[in-house]
Amino acid sequence: SECVFIEVGPGNVLCQLAKKHILLPSLIIHSTGFSAAVDQDEKSIASALGRVWQSGIDVDWQAYYEAEQRQRV
């Protein structure tokens with residue numbers, strides 16, 4: 001069965017280690033870059049989840065957006 005690993009944190013050191021040591025078919029994604037900007041982190045995490053979804057794995061988008069404050073325009 002396929003494993004999914006999403007590294008949450010700066011860089012991609014753990015992703016590189018996982019690629020070297022995981023024998024199962026796996027999706028290995030790093031979710032944040034090296035920037036300390038919060039808005040960049042949010043974009044990076046959303047992009048990582050998008051890549052998971054594109055690979056055919058269901059993402060609970062309702063849970064992801066549950067804290068979202070929306071207003072009628």
Nearest non-hydrogen partners of L27 and V52, listed with the distance: CD2-CA, 3.9 Å
Give the minimum heavy-atom separation between Y65 and R70, together with the two atoms involved. CD2-NH2, 4.0 Å
What distance separates I57 CD1 from R51 CZ, expressed to the nearest 0.5 Å? 12.5 Å
Above 12 or not: heavy atoms from other molecules or residues under 6.0 Å from CD of E68? yes
Could you check whether any side-chain heavy atom of I29 comes within less than 4.5 Å of a side-chain heavy atom of F5, counting everything from C-beta outward? no
Approximate separation, where rounding is to 0.5 Å, of I6 CD1 and I45 CD1: 9.0 Å
Within the 4.5 Å heavy-atom criterion, are W61 and L49 side-chain neighbours or not? yes
